[in-house]
Amino acid sequence: MIIRRKPDISSSEITPEGVYLNRRTFVKKAAAAGVIGSALGPQALAGATPRQEIHPRFATLSSEMDEPLNSYEEITTYNNFYEFGTRKSDPAENSGAFNPRPWKVQIGGLVNKPGDYELDDILSGITMEDRVYRLRCVEAWSMVIPWYGFPLSALINKVEPQPSARYIEMKTIVRPDEMPGQRFPILDWPYIEGLRMDEAMHPLTILATGVYGMDLPNQNGAPLRLVVPWKYGFKGVKSIQSINFVEEMPVNTWQVQNANEYGFFANVNPDVSHPRWSQARETRLPGFRKDFETMMFNGYTDQVQHLYAGMDLARWK
Amino acid sequence: MRQKRAVLALKTLLWIGALAPGAYLVSEFLTGSLGANPVEKLTRWTGMAALVLLITSLAVSPARRLTGWNPLIKLRRPLGLFAFFYAGIHFVIWFAFYNVFDLGYMWADIIERRFVTAGMAAFVVMLPLAATSTQWAIRKLKKRWGLLHRGAYLAGILGVVHYFWLVKADTRLPWVFAIVLAALLAFRLPQLQRTKP
């Protein structure tokens with residue numbers, strides 16, 4: 001299934017970027033920049049220019065449906081990461097004091113090799129790769145993001161889960177000194193997310209350490225975050241401090257916050273509305289119009305539908 | 001003379017303050033600085049401007065009573081109309097971008113989602129208030145005008161409810177609005193009861 005999106009007149013087309021972009025959009029942007037570019041103030045790109053130059057391989061990279069990538073600036077300045085504040089601009093603005101290195105991941109529960117693992121040890125011997133995924137937020141917007149990471153299954157196999165482990169539970173680190181959002185009980189910190197073991201072992205499920213081939217900026221969940229492309233974005237727990245292998249279904253943060261709205265599975269599903277908005281359509285950022293038809297399992301149906309065979313997806317939402 | 005000048009100065013400040021969010025958004029749009037989700041930014045800012053201006057308009061009468069300075073009342077109409085102006089833009093953005101000019105989508109949004117229901121109700125309540133904001137209407141409607149324009153409180157309450165139901169977890173700012181509105185209502189209620197039309 002190839003779905004091509006009509007190009008909108010989007011703000012990106014009149015926004016010159018400080019970063020090198022996908023070739024297709026680059027051509028359009030270059031044309032637009034000649035018209036409006038001179039009006040751009042220098043503040044517009046503050047905090048969004050990558051430390052290194054973006055590798056040329058991203059100039060030709062797109063999703064498997066041939067969707068262009070969102071820009072580095074879009075991906076790193078518009079974030080839901082309540083640990084740094086509840087506005088989308090807060091994480092980029094308030095995460096400067098966060099120190100993602102050195103980093104240890106506590107692995108425990110029903111595994112043969114529990115322990116505090118140095119991130120560098122986890123990463124040694126693992127092959128990193130670019131994964132271009134659609135990210136569909138439960139708030140009905142979406143982006144196309146080139147993550148850099150590795151399959152979660154590689155880590156799981158390393159620590160040898162026991163047969164009784166049916167779920168994994170992952171937690172974000174708690175550091176109110178470095179994460180100003182955690183100084184208020186907006187959510188019940190730490191942020192908790194989980195996956196069923198077969199979801200966790202699925203080859204599409206990755207732990208990302210980077211975006212556009214470079215280390216994750218703090219606002220995107222440095223140094224290690226979960227990415228599950230067929231689920232709503234909030235499942236992607238950031239700055240992971242612990243991974244626990246358990247028998248019972250974990251209770252994730254948004255379920256505690258409001259059980260009516262968010263379930264454990266949170267698979268992208270255009271037919272199951274959120275109480276506050278329809279999930280049938282989404283705004284593909286940086287576009288203006290919410291006219292992109294949301295795809296079942298965010299377009300990954302062929303790869304993941306077998307995981308949910310026989311399940312009533314309206315109930316297990 | 002001095003009084004007139006003071007009123008003029010206040011009105012000038014009001015116009016500058018009320019137009020500032022709009023000017024800011026236009027300049028952000030023209031420089032492509034609205035961010036990754038331009039429509040969300042436009043929606044939030046216009047909604048916030050409408051709510052702040054509406055609640056400020058409700059504060060005029062209490063302020064007038066507290067200070068005893070009657071010319072303050074001249075600020076009430078422009079504040080209310082600016083609130084309506086931003087609410088109208090807020091509505092148009094929602095209709096145009098979120099519902100892509102589709103009346104079916106719009107209607108489904110209104111009946112299925114309570115925060116939209118509340119927001120839409122607030123806007124509908126404001127419509128006749130804006131329409132009867134002229135001197136002519138005030139003269140024509142006589143006592144009924146005052147009664148009708150108590151709808152501004154209803155619009156304020158609906159606006160705050162809209163905001164409460166909209167946010168996911170962080171209700172700090174909606175609470176601020178709710179407390180301010182409750183205080184204004186508490187101040188006004190005894191007075192409104194005395195002057196039952």
Side-chain angles (χ1 to χ4, degrees), chain A residues 10-17 29 32-33 36-37 39-41 43-45 48 70-71 73-80 82 85-89 137-141 143 181 184-187 234 253-254 257-258 261-262 273-278 280-281 283 285-291, chain B residues 24-48 89 92-102 104-120 161-176:
Chain A
S10 66
S11 80
S12 70
E13 294 177 18
I14 54 171
T15 309
E17 306 284 357
K29 277 161 209 284
I36 307 179
L40 180 73
Q43 81 290 349
L45 299 173
N70 279 90
S71 72
E73 183 193 4
E74 287 154 7
I75 294 166
T76 60
T77 58
Y78 186 80
N79 307 94
N80 271 323
Y82 281 15
T86 53
R87 290 178 308 172
K88 299 293 195 301
S89 55
C137 180
V138 74
E139 296 165 1
W141 54 265
M143 291 194 190
F184 304 94
I186 301 293
L187 296 175
F234 71 86
T253 295
W254 280 107
Q257 183 70 26
N258 196 335
E261 299 195 8
Y262 304 95
S273 279
H274 181 280
R276 283 174 299 165
W277 49 78
S278 161
R281 294 168 289 124
T283 308
L285 301 183
F288 275 62
R289 288 160 61 89
K290 189 176 158 188
D291 61 357
Chain B
Y24 166 74
L25 291 176
V26 168
S27 97
E28 293 283 280
F29 174 76
L30 291 176
T31 57
S33 313
L34 285 171
N37 197 343
V39 173
E40 185 186 75
K41 181 157 186 178
L42 292 170
T43 310
R44 295 220 169 150
W45 274 74
T46 51
M48 187 62 82
I89 298 173
V92 168
I93 289 168
W94 167 75
F95 181 52
F97 298 123
Y98 287 105
N99 291 305
V100 290
F101 294 108
D102 185 311
Y105 285 159
M106 181 178 97
W107 184 244
D109 228 8
I110 292 171
I111 57 173
E112 284 171 15
R113 278 160 270 282
R114 60 179 192 174
F115 88 95
V116 181
T117 316
M120 195 65 215
V161 169
H162 169 64
Y163 192 13
F164 252 106
W165 282 346
L166 162 73
V167 299
K168 273 202 298 199
D170 189 353
T171 51
R172 285 174 294 177
L173 218 44
W175 272 112
V176 171

Problem - Option in T86(A), I186(A), L187(A) with maximal non-hydrogen atom pairs under 4.5 Å from chain B - result: I186(A)
Completion exercise
To the nearest 0.5 Å, atom CZ of F184(A) lies from atom CG of D170(B) at 9.0 Å
Exercise for the section: Check each atom of S273(A) against the heavy atoms of chain B and say whether the ones under 4.5 Å are side chain, backbone, both or neither. Expected result: side chain
Problem - Flag, side chain of R289(A) to backbone of N99(B), donor-acceptor distance under 3.5 Å - result: no
Problem - Any F288(A) side-chain heavy atom under 4.5 Å of L42(B) side chain - result: yes
Handout entry: Residue part contacting chain A, namely of F115(B), when any heavy atom lies under 4.5 Å
Key = side chain
Problem - For the student: nearest non-hydrogen atoms of G287(A) and P38(B), plus distance - result: O-CD, 4.2 Å
Problem - For chain A, the option from E112(B), K41(B), K168(B), E40(B) that forms the most heavy-atom pairs under 4.5 Å - result: K168(B)
Problem - OH-CG distance between Y98(B) and D291(A), expressed to the nearest 0.5 angstrom - result: 13.0 Å
Handout entry: Which atoms of N80(A) approach chain B - backbone, side chain, both or neither, heavy atom under 4.5 Å
Key = side chain
Exercise for the section: Pick one of side chain, backbone, both or neither for A96(B), based on which atoms fall under 4.5 Å of a heavy atom in chain A. Expected result: backbone
Practice task
Measure R87(A) against the heavy atoms of chain B and call it side chain, backbone, both or neither at under 4.5 Å.
Solution key: neither
Exercise for the section: Among V39(B), N37(B), V100(B), single out the residue with the greatest number of heavy-atom pairs under 4.5 Å to chain A. Expected result: N37(B)
Handout entry: When R281(A), Q257(A), K88(A), E139(A) are compared by non-hydrogen pairs under 4.5 Å with chain B, the top option
Key = R281(A)
Problem - Reported CZ-to-OG1 distance for the pair F97(B) and T283(A), which is rounded to 0.5 angstrom - result: 10.0 Å
Handout entry: Closest non-hydrogen atom pair, A36(B) against M143(A)
Key = CB-CE, 4.0 Å
